[in-house]
Amino acid sequence: MLKEKFKTYILFSLIFLSLIQAGILWDYQGPGFPFNFLEAIGRIGYAKAEDPMEKIREDAFEPYRLVVSAGMDEPHWVLTKNSDTQDEYSRLWGEGKYYLECILNSENIISNAPDKDVKDWEDLAVRKGIFYEFKTPLKPGVLSYFLNTKGSKADEVNGVLKMLVSPDDINNNSFSVYILDGNSKLQNYVIVAKDLKKDQYNEIVAKLYKRSESNGLRSYTVIADTKNTMRYQAQKDIPIIWDGSKFEPIQSINCTIPENFTIKSGQKASEIEKKFESILGSEKDSYDVSMDRSGTATLKNLNNIYKLYDSGLLEYKNLSYTTETEKPDESQAVKTALEFLDRMKLLSANADLYISGIQGEKDRVRITFDYKVGGLPVVFNYQAQGAEQNTLKNAITIEASNKKVISCWWILRNLEPAKEKKQYGVNFVDLMDKTFIDYPELKDDKSFYLKDATLGYEVQQDTRNAKVEPVWFIFTDTNARYPVKLTVKKGE
């Protein structure tokens, strides 16, 4: 009896070892996806205890902008992560996710009849409530993936670009929720409140008022409250600094290429290979490593090729990919892209990641990701190297199908806030005057439309190991962007 049990144990051990061996061989010869089989085996035991993708999925789903509005002719506050408004941000973003889930699952909805008093999103710009804005429209399937729900019944919603959650003037236990999709279609609902009732919302607004008065929490005006005094057209819900102090303290950021991925002339193949150990995992021995005269390191096997340029650009191509006839599902492609990011483990630790673009194409989906530091976006202006000389305007660009990453361009940078701050001119009128001086073609352009404006940071190709000062960006309805240098207060 004992002998039979021993034989059974040996048999199962051999089967298990054979599966591991097959998995390793599949890594070498299989579909060409950069995937560490042994790492996946190691995660199996933790699958029920914790979702290894949960953090990066939640990080990428953060809104581009979250604004609390006290109403017409009243202050607006932009809340951010990792700041003195972190608590309010977390609470209100949790509420925002609840309302999105209700719409996707058709739950807790009292009414979805059109609001006759609202013609378009412009009418909502001065409403009291919480505004959530994404950088790109998120379709129901993508939202379901991010929210980890199977609900996607909201057929009338083509995607969510912006959302307003506004307290009901009569009922303390419900909120009006307005959704704007990527085609400027407006949909509204009345939904049962969750934890945050009208009274609690008013308490948050009262606290923000006090903090603006006592510790200098920056408040904004929206363009709709300026009573259309501008000589050009503009999006009405853009938060701007209109009144009050013309100068605000803003920190710079330190921008560096990660030390582990800095290419130095004369490096040996073994030294380059060591830089990629965390990426290649068990596949590392299958790669040929080379370095050309321009300082570009190349790692290649039958299925994959990585190129690391001395400018800090990492490029990946899947050599075994063949064009698929079936159009990819955006939610699956986003999932594939995030799995790739999670396995590469090259994200900037001191910056906040967010998804900035999703563009479906014939056989792939192009997905872009960007960073924010201290709540301010980091904007990239970078020329790709090698055969494809396209301009990269995002920190990370991934082309993916349902199950594979086809290509990736990743601008490797560590971004972290600098300690010191300077006083910069932030008055909207002054900044627009400076914009038209720096870009006179815009002043004479009768079709000029201001789609967005924000403080931020610009990282260019030669920004490798440097301190980056804040700038002001304007974005037009043609997706053009213009950086404007800020004026430093005299004596700084």
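Quick caveat, the model's predicted, so the values are computed rather than measured.
- In summary, of the residues considered (Leu100, Leu104, Asp181), a side chain to side chain contact (heavy atoms under 4.5 Å, CB included) with Val160 occurs for Leu100 alone.
- Side chains of Glu330 and Gln359 form no contact here, defined as non-hydrogen atoms less than 4.5 Å apart.
- In summary, Glu95 and Lys194 do not engage in a salt bridge, as defined by a charged side-chain N under 4.0 Å from a carboxylate O.
- Asn183 places no side-chain N or O within 3.5 Å of a backbone atom of Lys185 that could act as its donor or acceptor partner.
- A cation-pi geometry, defined here as NZ or CZ lying under 6.0 Å from the six-membered ring centre and within 45° of its normal, holds between Lys372 and Tyr354.
- Partners of Ser212 by side chain to side chain contact (heavy atoms under 4.5 Å, CB included), not counting sequence neighbours, listed by chain and number: Trp77, Leu217, Ser219.
- In this structure, Lys451 and Thr476 have side chains that are not in contact, with every pair of non-hydrogen atoms separated by 4.5 Å or more.
- Between the side chain of Ser331 and the backbone N or O of Tyr145, no donor-acceptor pair lies under 3.5 Å.
- Note that the NZ atom of Lys335 and the CE atom of Met53 stand 7.0 Å from one another [nearest 0.5 Å].
- Residues Glu399 and Ser407 bring a donor and an acceptor atom of their side chains to less than 3.5 Å of each other.
- The closest side-chain heavy-atom distance from Val68 to Leu208 is below 4.5 Å.
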Using salt bridge (charged side-chain N to carboxylate O under 4.0 Å, His left out), reason through Arg211 and Glu88 one step at a time and then give a plain yes or no.
CA-CA 12 Å; Arg211 287 165 64 181; Glu88 291 85 358; 2.6 Å; yes
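- Note: Phe131 and Trp121 have perpendicular aromatic rings, judged against thresholds of 30 and 60 degrees for the angle between ring planes.
- Remark: the backbone N or O of Ser348 is not paired with any side-chain donor or acceptor of Asn414 at under 3.5 angstrom.
- Salt bridge absent: Glu271 and Lys275 never bring a charged side-chain N and a carboxylate O closer than 4.0 Å.
- Atoms CG and CE, on Leu299 and Met291 in that order, are 10.0 Å from each other to the nearest 0.5 Å.
- Side-chain contact of Asn350 with Tyr371: a donor-acceptor pair under 3.5 Å is absent, judged by distance alone.
- Using a 3.5 Å distance cut-off with no hydrogens or angles, the side chains of Gln86 and Ser90 do pair a donor with an acceptor.
- For Ala125, the side chain to side chain contact (heavy atoms under 4.5 Å, CB included) partners at least two apart in sequence or on another chain are Ala224, Lys236, Asp237.
- With hydrogens and angles left out, the side-chain atoms of Asn394 and Asp370 include a donor and acceptor closer than 3.5 Å.
- Between Asp430 and Lys434 no salt bridge is recorded (no basic side-chain N to carboxylate O distance below 4.0 Å).
- Of the options Tyr64, Phe134, Phe369, a side chain to side chain contact (heavy atoms under 4.5 Å, CB included) to Ile355 is made by Phe369 and by none of the others.
- Residues Val67 and Tyr132 form no side-chain contact, since every pair of their non-hydrogen atoms from C-beta on lies 4.5 Å or further apart.
- Within the 4.5 Å cutoff, the side chain of Tyr178 has heavy atoms near those of the Val118 side chain.
- In terms of the side chain to side chain contact (heavy atoms under 4.5 Å, CB included) criterion, residue partners of Lys97 (sequence neighbours excluded) are, by chain and number, Phe61, Trp93, Leu147.
- Asn381 places no side-chain N or O within 3.5 Å of a backbone atom of Gln460 that could act as its donor or acceptor partner.
- For Gln251 (side chain) and Ala418 (main-chain N/O), a donor-acceptor pair under 3.5 Å exists by modelled atom type.
- Taken to the nearest 0.5 Å, the CD atom of Gln461 stands 9.0 Å off from the OG1 atom of Thr391.
- Other residues, nucleotides and ligands contribute only 12 or fewer heavy atoms inside 6.0 Å of the NZ atom of Lys139.
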Evaluate the side-chain contact (heavy atoms from CB on, under 4.5 Å) criterion for residues Leu376 and Tyr457: first the C-alpha distance (whole Å), next the side-chain angles of each, then the deciding distance (0.1 Å), finally the verdict.
CA-CA 7 Å; Leu376 302 182; Tyr457 305 96; 3.8 Å; yes
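- Of the N and O atoms on the side chains of Ser311 and Tyr382, at least one donor lies less than 3.5 Å from an acceptor on the other residue.
- In summary, the side chains of Ser356 and Thr368 do present a donor paired with an acceptor at a separation below 3.5 Å, with no hydrogens or angles considered.
- In this structure, Tyr232 and Phe448 have perpendicular ring planes: the angle between them is above 60°, well past the 30° mark.
- Under the 4.5 Å side-chain criterion, counting only non-hydrogen atoms from C-beta, Pro258 is not in contact with Leu346.
- Side-chain atoms of Asp352 and Asp59, non-hydrogen and from C-beta on, never get closer than 4.5 Å to each other.
- Atom CG in Leu186 sits 6.5 Å away from atom CG in Asn188 (nearest 0.5 Å).
- Using a cutoff of 4.0 Å between basic side-chain nitrogens and carboxylate oxygens, Glu248 and Lys489 are not scored as salt-bridged.
- Side chains of Leu314 and Met344 form a contact here, defined as non-hydrogen atoms less than 4.5 Å apart.
- Salt bridge annotation for Arg91-Asp87: absent, with no cationic side-chain nitrogen under 4.0 angstrom from a carboxylate oxygen.
- A salt bridge links Lys81 with Glu62; the closest basic N to acidic carboxylate O contact falls under 4.0 Å.
- In the displayed structure, Gln233 atom CD is contacted under 6.0 Å by at most 12 heavy atoms of other residues, nucleotides or ligands.
- In this structure, the side chain to side chain contact (heavy atoms under 4.5 Å, CB included) partners of Asn202, at least two apart in sequence or on a different chain, are Lys128, Lys198.
- Side-chain atoms of Thr296 never come within 3.5 Å of backbone atoms of Tyr309 as a donor-acceptor pair (strictly under, hydrogens ignored).
- Residues forming a side chain to side chain donor-acceptor pair (under 3.5 Å) with Glu74 (at least two apart in sequence, or on another chain): Tyr209.
- Taking the six-membered ring where the residue is Trp, Phe428 and Trp472 present perpendicular rings, their angle passing 60° and hence far from 30°.
- Looking at Gln235 and Tyr449, their side chains do bring a donor and an acceptor atom within 3.5 Å of each other.
- With sequence neighbours excluded, the residues that form a ring-ring contact (aromatic ring centres under 6.0 Å, His included) with Tyr439 are Tyr482.
- Ion pair Glu133/Arg65 flagged as a salt bridge, since at least one NZ, NE, NH1 or NH2 atom sits closer than 4.0 Å to an Asp/Glu carboxylate oxygen.
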Ile474 vs Asp452, test: side-chain contact (heavy atoms from CB on, under 4.5 Å). Steps then yes/no.
CA-CA 6 Å; Ile474 68 164; Asp452 195 15; over 6 Å; no
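- Salt-bridge annotation for Glu469 and Lys422: present, with a side-chain N of the basic residue lying under 4.0 Å from a carboxylate O of the acidic one.
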Test side-chain contact (heavy atoms from CB on, under 4.5 Å) on Thr226 and Ile240; report intermediate values, then the result.
CA-CA 10 Å; Thr226 63; Ile240 58 173; 4.1 Å; yes
Under the side-chain contact (heavy atoms from CB on, under 4.5 Å) rule, what do Asp73 and Val126 come out as? Steps first, then yes or no, please.
CA-CA 8 Å; Asp73 295 325; Val126 293; over 6 Å; no
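- Between the Ser401 side chain and the Lys404 main chain, a donor and an acceptor come within less than 3.5 Å of each other.
- By the 4.0 Å N-to-carboxylate-O rule, Glu420 lies close enough to Lys467 to be salt-bridged with it.
- Looking at Ser69, its side chain does come within 3.5 Å of a backbone N or O of Arg127 through a donor-acceptor pair.
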